[in-house]
Amino acid sequence: MPHRFVSLTLCVAVASAALSSGCRKSGDASGDIAIGHYASMTGPEATFGQSTDNGVRLALEEYNAAASVGGNRFRLITYDDKGEAAEAGVVVTRLVTRDKVTAVIGEVASGLSLAGADVCQQNGVPMVTPSSTNVDVTKKGDMIFRVCFIDPFQGYVCAKFAREHEPLKAQKAAVLFDQRAPYSVDLAKEFARHFETLGGTVVARQSFTGGDQDFSAQLTSIRSSSPDIVFVPGYYTDVGNIAVQARNLGIKVPLMGGDGWDSEKLTEIGGAALEGCFYSNHYSHQDPSPRVQEFITKYRSKFNKTPDGLAALGYDAARILFEAIDRAQSRDGAAIARELAATQGFDGVTGRISIDADRNPVKQAVILEIKGGVPTFVTTIEPER
Ligand code: PHE
């Protein structure tokens with residue numbers, strides 16, 4: 001009996017020491033809570049991963065600097081998935097099984113988040129995608145969250161703007177989408193659906209495969225349908241190339257797209273071909289609100305550039321996750337997921353974030369116009385009531 005008592009006491013002592021030192025199940029000597037980030041740090045969508053990682057790191061640095069003695073501290077493990085879905089599955093598996101991260105941030109591109117979400121859900125590890133807008137991502141299960149709006153809304157935003165904005169008032173739209181990207185396929189559908197509901201006509205539907213170099217067949221067919229606008233819900237490298245070829249083929253009407261255009265590289269690739277074109281996004285660096293401007297100042301002083309929407313979303317995602325882990329007072333995936341689900345009225349750089357029953361927030365979008373090569377704020381569009 002005395003023997004048992006001793007070993008029980010020892011157990012409790014070890015357990016409480018482990019708790020108070022923040023000792024991890026992975027045996028992390030530093031005691032910091034490991035957070036995984038999977039991202040396209042290289043490849044055709046490299047700025048997506050790089051900007052997001054910067055935003056997450058800024059949040060992490062601030063958080064750790066402010067952490068009270070004995071409070072949680074975080075450390076980030078980022079892996080490059082090269083913008084490939086198969087690689088995303090591999091690196092998320094590594095984060096979850098080898099690094100034993102407490103939670104995962106990522107991805108940007110919905111096709112990659114769909115791959116990573118399977119791994120996180122199966123292993124009971126909470127995942128927060130900062131920026132994947134495809135509706136199916138959070139349907140993967142109760143461990144999967146996002147802090148951005150979803151594409152049924154984004155499609156509505158673009159259609160409404162195309163139909164109602166003076167002097168655009170588009171009656172006829174052509175759509176050119178990436179048939180391999182779930183984001184592009186569904187955003188094209190949502191745009192077309194809303195455009196027609198709002199009284200417009202979709203006069204051409206064409207597709208390409210991400211990475212294609214020659215879009216002349218699709219663009220020639222689009223030209224012959226004489227649209228008032230060409231909706232191209234792709235990622236920036238393809239969009240830049242498409243814009244140049246569209247102008248070379250004599251298509252003069254504005255192109256329009258979604259958040260996938262959000263990169264400093266877009267106008268480097270597309271140049272003057274993108275002047276007067278529009279896209280929807282999660283934030284504008286021209287938003288005068290102190291919350292946004294303060295973030296921009298901090299980001300600029302650390303990274304020497306203006307943050308894009310991905311940096312802002314990465315920052316918001318990380319802060320929401322850190323706070324949820326704090327509130328959970330536990331590293332258990334289910335406990336953290338419960339706190340993520342309870343996020344209400346979080347004042348983010350990208351707007352007020354309240355997580356709904358489907359683990360998505362309902363947020364506003366902005367429309368930007370490329371003017372003199374700069375994405376310039378045009379208007380804000382609120383969610384439909
Ligand atoms: N929404 C895009 C997707 O789901 C990703 C993206 C978000 C790209 C924001 C740029 C900016 O695939």
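Start at 1 with the first residue, then count along the sequence. The structure displayed is predicted, hence computed values, not measured ones. One-based numbering, in listed order, for ligands and for the atoms of each.
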Are Tyr315 and Tyr299 an aromatic pair, judged by ring center distance below 6.0 Å?
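Not under 6.0 Å, so no.
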For the rings on Tyr236 and Phe48, is their centre-to-centre separation under 6.0 Å?
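Judged by ring-centre distance (under 6.0 Å), Tyr236 and Phe48 do meet the cut-off.
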Could you list the atoms of ligand 1 found under 4.0 angstrom from a heavy atom of [X]?
X: Val108; answer: 3 (C), 4 (O), 5 (C), 6 (C), 8 (C), 12 (O)
X: Tyr235; answer: 3 (C), 12 (O)
X: Ala109; answer: 12 (O)
X: Ser132; answer: 4 (O)
X: Phe48; answer: 8 (C), 10 (C)

Contact between His282 and ligand 1, counting heavy atoms under 4.0 Å?
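It does; at least one heavy atom falls under 4.0 Å.
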At a 4.0 Å cut-off, with the gap strictly under it, does some heavy atom of Gly309 reach an atom of ligand 1?
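So Gly309 does not count as touching ligand 1.
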Return the [atom1] to [atom2] distance between [X] and [Y], rounded to the nearest 0.5 Å.
X: Glu382; Y: Phe153; atom1: CD; atom2: CZ; result: 7.5 Å
X: Tyr283; Y: Ile296; atom1: OH; atom2: CD1; result: 4.0 Å
X: Asp356; Y: Ile150; atom1: CG; atom2: CD1; result: 7.5 Å

Give yes if a backbone or side-chain nitrogen or oxygen of [X] is under 3.5 Å from a nitrogen or oxygen of ligand 1, and no if not.
X: Ser131; result: yes
X: Asp259; result: yes
X: Gln154; result: no

Which label fits Phe74 and Phe322: parallel for a plane angle under 30°, tilted from 30 to 60°, or perpendicular past 60°?
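If you compare the ring of Phe74 with that of Phe322, the planes turn out parallel.
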Of the listed options (Leu310, Thr133, Asp262), which comes nearest to atom 9 (C) of ligand 1 when hydrogens are ignored and any heavy atom counts?
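The option holding the nearest heavy atom is Leu310.
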Side-chain contact test, heavy atoms from C-beta onward, threshold under 4.5 Å: evaluate it for Ile35 versus Val104 and give yes or no.
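SC-SC contact between Ile35 and Val104 ruled out.
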Considering only protein heavy atoms, which is closest to atom 4 (O) of ligand 1, and at what distance to one decimal place?
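Among all protein heavy atoms, the one nearest atom 4 (O) of ligand 1 is Ser110 OG, 2.4 Å.
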His37: which of Asp53, Thr52, Asp80 passes side-chain hydrogen bond (donor to acceptor under 3.5 Å, both in side chains):
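Exactly one candidate clears the test, Asp53.
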